[in-house]
Amino acid sequence: MSKTDWIQQEIENLQSQGLYNRIRTIESPQGAWLVVDGKRVLNFCSNNYLGLANHPDIVAAAKKAADSMGVGPAAVRSIAGTMTLHVELEKRLAAFKGVEAAITFQSGFTANLATIPALVGKEDMIFSDRLNHASIIDGCRLSGGKIIAYEHNDPASLEEQIKANLSQYRRALIVTDGVFSMDGDIAPLPAIYEVAKKYDILLMVDDAHGEGVLGKGGRGIVDHFGLHGKVDVEVGTMSKAFGVVGGVVAGKSVIVEWLRQRGRPFLFSSAMTVPDAAACLAAIDLLEDSTQLVDKLWSNAKYFKAEMKTLGFNTGVSETPITPIMLGEAPLAQQFSRELFEAGVFAMPLGFPTVPQGKARIRVMISAAHSREDLDQGLEAFGKVGRKLGVIQ
Ligand SMILES: *Cc1c(COP(=O)(O)O)cnc(C)c1O
């Protein structure tokens, strides 16, 4: 017995349960079509909502910035890593989101790890939606606060939990995903805000899948619901619709200022790179110039979902361009994905622990980069594979 035998055993268990991640390699730029493991396929699974990941203006901005300012920030933000582009990006993000201030991080994941432990500690309580993203869960755990999960998208359950626990904490935080990435449903933020207001509790929303998607011209969930000034903290990412990489926290300036003092990934992990910051600025330019891409994203999503339903697929409860195709057991989802790939469509299966046991699915991510012909081609492949595997008639 070697001391790593147990790992080999665990990996074999994953393989036999259909839960082993087979990681594909993308050999082309991101876009509606990709070269994956040597094959040209229709891309149905990246978060490139607006097609910005390989947009010429954004690529040009990154190149230009690298030519004049180099690449690496060479330090954490609080020592020598805050460059003019970071400051400009934070100003532009704050204006775009309609908030007092914004602070950037290396990713949405680190934005959550920075924010939650800065706002709550051991004597405090966190009310967290049961289906919140892993980075929120990790941020909650890092804070050392008591974590109380409320039922998914259920403000009544949230209020019950608050009432039952009200007397036992010093301070509290309510945290929810804006758009839930596995199902594509939207948090009932106005009702959650009412609860937060009633009990005077800080409210934080992680809008990773809403940034560039929801609201006017992609300004996010707070804009979507007209809740400006009411949500204390908005976490976002520039790795999805923005097509780059990076995280952002937007909200009250006192909170942003506090994160500059106490956000550990800000203090102990290097800043966003120069080309990334420049590329994010170019993405904001595009979003502020026109709502055309966001509009196209939504019309594509509506078309695809309606046609999938007509074919007889169960697309769950999605209200956004995220389109889950519910299949049940993980091995079926894996086989479905393999058959789609053979038919020229790249859509990855998701199983436990990304989604609950028995709720395996293929998640299609619709993008503004898709043409109507692309969507029709994808629908045809889904129909063919679905009939072959007995998922639809
Ligand atoms: C994708 C995602 C993140 C992580 O964002 P990255 O920028 O990729 O690290 C955080 N929260 C939610 C809800 C997400 O969907």
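Both counts, for ligands and for their atoms, begin at 1 and track the order of listing. The first residue of the sequence shown is numbered 1, and numbering continues consecutively from there.
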Mark up the atoms of ligand 1 that fall under 4.0 Å of a heavy atom belonging to [X], in ascending order.
X    : result
S135 : 10 (C), 11 (N)
H209 : 15 (O)
D206 : 10 (C), 11 (N), 12 (C), 13 (C)
S107 : 7 (O), 9 (O)
D177 : 13 (C)
K240 : 1 (C), 2 (C), 3 (C), 14 (C), 15 (O)

Q) Is there a donor in the side chain of S318 and an acceptor in the side chain of K305, or the other way round, less than 3.5 Å apart? A) yes
Q | Heavy atom of G247, distance to ligand 1 below 4.0 Å | A | no
Q | Sub-4.0 Å heavy-atom approach of M238 to ligand 1 | A | no
(Q) I need the nearest protein heavy-atom contact for atom 5 (O) of ligand 1: residue, atom name and distance, please. (A)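 I find the closest protein heavy atom is G108 CA, 3.5 Å.
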Donor-acceptor pair, distance only, cut-off 3.5 Å: does the side chain of [X] make one with the backbone of [Y]?
X    : Y    : answer
E319 : I186 : yes
T4   : I7   : no
W258 : T115 : no
N132 : S128 : no

**Q.** Residues that, via side-chain heavy atoms closer than 4.5 angstrom, fall in one hydrophobic cluster with F109
**A.** L113, L142
Kindly list each side-chain donor-acceptor pair under 3.5 angstrom involving residues 329-336, sequence neighbours excluded, with atom names and distances?
residue: Q334; atom: NE2; partner: G18; partner atom: O; Å: 2.8
residue: Q334; atom: NE2; partner: Y20; partner atom: O; Å: 3.4

Does an N or O anywhere in [X] fall below 3.5 Å from an N or O of ligand 1?
X    : value
T237 : yes
S239 : yes
F109 : yes
A208 : no

Q | Row check, F341 ring normal vs R24 NZ/CZ: under 6.0 Å, within 45° | A | yes
Q. Can a salt bridge be assigned to the pair E159 and K198 using a cut-off of 4.0 Å between side-chain N and carboxylate O?
A.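 Here E159 pairs with K198 in a salt bridge, since their nearest N and O are under 4.0 Å apart.
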